[in-house]
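In what follows, every heavy atom counts, from backbone to side chain, and hydrogens, waters and symmetry copies are set aside. Keep in mind it's a predicted model, so treat the numbers as computed, not measured.
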Amino acid sequence: MFSLLRPPALRSCDSCPYRRDASSGIWAHEEYDKLRRYDAPAPDQPQAMFQCHQADGDSATRRICAGWAGCHGGHLLALRIAVLEGRIEASTYQAAAEYVSPVPCSPRVMKQPPTGRRTSTGPAMQPAD
């Protein structure tokens with residue numbers, strides 16, 4: 001049975017690709033490339049939701065990725081479309097749009113390397129200047 005995506009968790013997962021302190025290189029390069037498309041202006045963003053990787057796509061416990069919501073929030077085209085199409089409830093949209101991460105997440109900027117992509121032996125990205 002189809003279930004709606006739940007709001008973001010209170011805290012992003014330790015392996016969330018948006019976390020600044022996530023280990024580098026744990027995700028395939030293609031996965032990081034998907035994240036970068038959400039950095040585009042809203043009309044050019046993907047319409048697909050980015051759900052937490054801790055639950056299967058058809059799980060009743062699936063939820064919006066907290067790191068994704070924390071970095072992009074109300075600027076996400078996918079969130080707006082999902083609420084209009086009934087794929088998420090209005091309260092879930094509001095929770096994601098207003099979500100503030102309690103752990104540092106990477107500001108998603110096109111000219112920066114994606115968080116988590118292996119660039120050294122330490123965290124993959126330092127805070128933007």
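Listed here is the closest heavy atom pair of C13 and C52: SG-SG, 3.4 Å. Between G86 and L4 the shortest heavy-atom distance is O-CD2, 3.2 Å. Between C65 and C16, the shortest heavy-atom contact is SG-SG, 3.8 Å. Heavy atoms only, all atoms of each residue included: A78 and A48 are closest at CB-O, 3.3 Å.
Counting non-hydrogen atoms of other residues, nucleotides and ligands closer than 6.0 Å to CD of E89 gives a total of 12 or fewer. When the shell of 6.0 Å around CD of Q94 is examined, it contains 12 or fewer heavy atoms from other residues, nucleotides or ligands.
A donor-acceptor pair under 3.5 Å is formed between the side chain of Q45 and the backbone N or O of H75. Judged by distance alone, with hydrogens and angles left aside, the side-chain atoms of Y99 form a donor-acceptor pair with the main-chain N or O of L10 at under 3.5 Å.
Considering only heavy atoms from C-beta on, P104 stays 4.5 Å or farther from D21 through its side chain. Side-chain contact between Y93 and E98 is absent, with no heavy atoms from C-beta onward closer than 4.5 Å.
Residue S12 holds its OG atom at 11.5 Å from CZ of R20, rounded to the nearest 0.5 Å. Q51 CD to T61 OG1: the interatomic distance, rounded to the nearest 0.5 Å, is 9.0 Å. Taken from OG1 in T92 to CG in L5, the straight-line distance is 8.0 Å, to the nearest 0.5 Å. Remark: I88 CD1 to M49 CE distance equals 4.5 Å, nearest 0.5 Å. For the atom pair CZ of F50 and CG of L79, the computed distance is 13.0 Å after rounding to the nearest 0.5 Å. We find the CD-OG distance between Q54 and S59 to be 11.0 Å, quoted to the nearest 0.5 Å.
Under the 4.5 Å side-chain heavy-atom criterion for Ile, Leu, Val, Met, Phe, Trp and Tyr, Y38 and V83 are members of the same hydrophobic cluster.
The stretch residues 71-85 participates, sequence neighbours left out, in these salt bridge (Lys or Arg N to Asp or Glu O under 4.0 Å) pairs: E85-R87. Residue pairs meeting the salt bridge (Lys or Arg N to Asp or Glu O under 4.0 Å) criterion with at least one member in residues 7-18, sequence neighbours excluded: D14-R19.
For H53, the side-chain hydrogen bond (donor to acceptor under 3.5 Å, both in side chains) partners are S15, not counting sequence neighbours.
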